[in-house]
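Handing you this structure, nothing more for now.
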Amino acid sequence: MSNGATMMVSDLEPHPFSEELFKQDEPSSRFIQSIDEELENPIIVNQDGLILDGVRRWKAATALDWDSIPVDTRDYGSTEMEQLAILRHNDDREETFSQKMRIALQYKELVAPMMEKRIEQSEKVDFADLSENSPQLDQQMQRVRPLGNS
């Protein structure tokens, strides 16, 4: 997924949203050594050089005095989508209880308005107007059947 691009380590910094959520510690010497041996994935950054995924890898590169590091620059189109991307990129990391709570609250804060908007924009179906022989009823039942009894 990397496009082969690199950026100067000194031009990058953690995204404030990520820092707020994870309150990241310094990487262990073992992690730094593993990065020195092989950096498998580029750091994901936005156009401003804010790190969306890879803060520990960036900190390891800083500790190793690297001048540059592979990056994958992405544009998520909005602050909310960028924040969701940060949450998604960190799905597999182990978090403390406090981090899990902050993540859950952020998901709720970010996703709830999106879901409300989708519900408002969705096709409104008035089931009272549908008869047994209605093609609209058949379409709605097809949507429901996989969730219920077949």
Kindly list each side-chain donor-acceptor pair under 3.5 angstrom involving residues 36-52, sequence neighbours excluded, with atom names and distances?
from	atom 1	to	atom 2	distance (Å)
E37	OE2	Q33	NE2	3.2
N46	OD1	D48	N	2.9
N46	OD1	G49	N	3.2
N46	OD1	L50	N	3.0
N46	ND2	E82	OE1	3.4
N46	ND2	E82	OE2	3.3
Q47	NE2	D75	OD1	3.3
Q47	NE2	D75	OD2	3.2

Legend entry - Non-neighbouring partners of S78 that pass side-chain contact (heavy atoms from CB on, under 4.5 Å), sequence neighbours left out: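 Applying side-chain contact (heavy atoms from CB on, under 4.5 Å) to S78 gives E80, M81.
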
Legend entry - Set of side-chain contact (heavy atoms from CB on, under 4.5 Å) partners for S34, sequence neighbours left out: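 S34: side-chain contact (heavy atoms from CB on, under 4.5 Å) contacts with F31.
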
Inset, instruction - Determine the minimum heavy-atom distance between A61 and I69, stating which atoms define it. - result: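 In terms of heavy atoms, the two residues are closest at CB-CD1, 3.6 Å.
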
Legend entry - Nearest-0.5 Å distance that lies between atom CH2 in W58 and atom CE in M7: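 These two atoms lie 12.0 Å from each other.
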
Legend entry - Nearest-0.5 Å distance, CZ of residue R57 to CG of residue L64: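 CG of L64 is found 14.0 Å from CZ of R57.
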
Legend entry - Closest heavy-atom pair and its distance - A60, P27: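 In terms of heavy atoms, the two residues are closest at N-CG, 3.9 Å.
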
Inset, instruction - Would you name the heavy atoms of S18 and V55 that are closest together and state the gap between them? - result: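 Minimum heavy-atom separation between S18 and V55: OG-CG2, 4.2 Å.
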
Inset, instruction - To the nearest 0.5 angstrom, please state how far the CZ atom of R88 sits from the CG atom of D53. - result: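 These two atoms lie 12.0 Å from each other.
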
Inset, instruction - Check the hydrophobic clustering (I, L, V, M, F, W, Y; side-chain heavy atoms under 4.5 Å; chains of links allowed) and say if L12 and M8 are grouped together. - result: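 Unlinked, L12 and M8 end up in two clusters.
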
